[in-house]
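Here the structure comes first, spelled out in structure tokens, and everything after it is commentary.
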Amino acid sequence: MIGGTVKVHNVSKNFGTTQVLKDIKLEINAGEFFSLLGPSGCGKTTLLRIIAGFEIPTSGDILLDNESVINKAPNERHVNTIFQNYALFPHLTVFENVAFSLRLKKIDKNIIKSRVAEYVNLVRLQEHINKYPAQLSGGQRQRVSIARALINEPRVLLLDEPLSALDAKLRQDLLMELDRIHDIIGITFIYVTHDQEEAMSVSDRIAVMQEGNLLQVGTPFEIYESPADMFVADFIGASNNIEGKVIEVTENRAYIETPDIGRITVDLDKKLKASDHIKVTLRPEKIHISKKAPSLDSPKWNCISGKVDQMVYTGSHTRFIIKTEHGRVFKTFKQHAQYFTDEEPIQWEDNVYMWWHADDSFIVEVNGNR
Amino acid sequence: MIKNYGQRYTFPIMVWLTVFFVIPFSIILVGSFLEKGLYGGFEPAFSIEAYKALMSDTMRKVTLNTIFISVATTVLTVLLALPTAYHIARSPYKEKLLFLVIIPFWTNFLIRIFAWIAVLGNNGLVNNFFVNIGIFNSPVQLLYNKWAIILIMIYTSLPFAILPLYAVIEKFDFSLLEAARDLGATKSQSMFKILIPLILPGISTAVLFTFIPAFGNFAIPDIVGGTDVRMLGNIINERLKTARNWPSAAAISMILTTISVVMVLLFNRIISSKERKIGGNI
Ligand SMILES: Nc1ncnc2c1ncn2[C@@H]1O[C@H](COP(=O)(O)OP(=O)(O)OP(=O)(O)O)[C@@H](O)[C@H]1O
Ligand SMILES: [Mg+2]
């Protein structure tokens, strides 16, 4: 089975006087695992419901496989939805829930039986096939709803925060399960979540939304390494934001004067000229940290010092909050890849050096523009 | 030590049932097997006269009439109440609409029935309207038939059907309907396969709240049924007050009770065979 394509064509949606979707343009490829990511209330569910046909956009169009479906009812679209609260039919067994769409099509009983068995096996619920939803755990219920949707052989599967009601461990397992199912079935998945880690780990591409706007669409790598604006930088992973004024631009880098950490140098991710005002993001894992002053071989390194304000030991790594002498706070961490006996461990209140390479920061905004 | 607390806690309800149900029922049961007193009341002598007298054509006709009227009333009432309750439950103005359903209770029952005479009578609103615009040449007899009784019974029982239906529909998870639509069901398929099975308890309450009062009703057929259409309730009333034959009235009451109990049991059978084990809500 191969998935369908989805085109969201300048879709806007108003509820009363509030505009919850603002001219959304989006193209989702066949077979893609595509995530819609954004904070609560940004319009993810609304966009998904418009694709499914439960809401009509105020303006714009939805194309499935290049065909407008805006005038089609939900039952006429080759799209199925996995609901956040599962929406299983409580009066029907697992078997009957999964068989629901086939029964509507008046398919032969024996075929229904074997098809249901096939999809119940796919989500590994064989032993529970005769139970009622109330007799299942949360994770099992969500599996039933996945099987119930997939048996319909949709071109596109819409998933609205399907894991948010589950605990962390189960969420991880079921996410891998979804990824496995996506690989087997091969249809297009549109996955709504506000959990950036979830989105990063399984998606081919991610769309980041905020207050009804689409901020950036790209691969997890692109979104993480070259965020379109400060909101995306902050929303996806932790970020240290540095602001400053360009004082000199050379062939391959620029010098920036910052109010709190002095002069730093950055790579020319964007075109700069002197006296531009820029915002830079620096990921915590790009910062090196040590009590000993580093010997830096190239002028492309930046080095500042500060004091350990907080540290959190998490086993695999330790997270630090470092405060510079101007009171500026930096997030960073140190991986415990090797157990260094010769190096003295960093403690609270220690003075430390932090250094990073100009190539490892990213210029997000220039004079307020992306 | 485990005591049987259950019995202690149910004691009040046992008293209640005895005083208001078992004792009156026993009096009527016993009374139906006694002889009639000369001016009403009972003579303490065993007799099955009252039951023998029931084997008449009139009684058969009245019984069938009663069953027909109350079944028709129940079916139509529930069919009207279902969509009404559904739309109230889904409306943003549910409280206000529910209030409108309850308002008629503020007016006396008999006054509301007489109001229908003002609407349907020969000189009533409907006839005047159609005569005036020239569709009827002369007033048409709308009252004093089965359908007038059914219409007014529907009117009086609608709130009793709407309220229990509203109660279950309001708690219903409407995302289940979206899920059904999403899985390919049409609007009506989603209603019949998902909504109706899940609100069966409410439907069964609505049916009982409509059927039982309709079956024993005598005021409505008395006022708008005329001399042609009588129900069991009218006959009981007449035996008691006009014929002063208390044993006969008691015997007919027994028939009325028996038929309605049988109807209720039958109906519950159908419902519970449909209402499969759900095992709680999720
Ligand atoms: N039926 C509705 N009527 C009015 N406003 C609505 C309706 N549905 C959603 N909204 C509003 O639209 C905005 C977007 O809602 P939406 O449910 O799409 O957010 P979301 O991104 O899915 O959030 P969450 O992550 O919390 O699920 C919210 O401000 C919400 O209050
Ligand atoms: Mg949502």
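The sequence lines fix the lettering, A, B, ..., with proteins before strands; numbering per chain opens at 1.
Only the side chain of A:R49 comes within contact range of chain B, with heavy atoms under 4.5 Å apart. Residue A:N80 touches chain B through both its backbone and its side chain, counting heavy-atom pairs closer than 4.5 Å.
Rounded to the nearest 0.5 Å, atoms NE2 (A:H91) and CD1 (B:I196) are 10.5 Å apart. B:L176 contributes atom CG, which lies 7.5 Å from atom CG of A:N85 (distance to the nearest 0.5 angstrom). Taken to the nearest 0.5 Å, the CD1 atom of A:I151 stands 10.0 Å off from the CG atom of B:L183. To the nearest 0.5 Å, atoms CD (B:Q189) and CZ (A:R103) are separated by 13.5 Å. Atom CZ of residue A:F100 and atom CG of residue B:D182 lie 10.5 Å apart, to the nearest 0.5 angstrom.
Counting only heavy atoms from C-beta outward, the side chains of B:P197 and A:L92 never approach each other to under 4.5 Å. Looking only at side-chain heavy atoms (C-beta outward), B:E178 and A:T81 stay at 4.5 Å or farther from each other.
For B:K94, the NZ atom is densely surrounded, since the number of other residues' heavy atoms within 6.0 Å is greater than 12. Shown here is A:I56, whose CD1 atom has no more than 12 heavy atoms of other residues, nucleotides or ligands within 6.0 Å. Counting heavy-atom neighbours within 6.0 Å of B:F209 CZ, excluding the residue itself, gives a total of 12 or less. Counted within 6.0 Å of NZ on A:K109, heavy atoms from surrounding residues, nucleotides or ligands total 12 or fewer; the atom is thus considered open. Within a 6.0 Å radius of CZ in B:F129, other residues, nucleotides and ligands contribute 12 heavy atoms or fewer.
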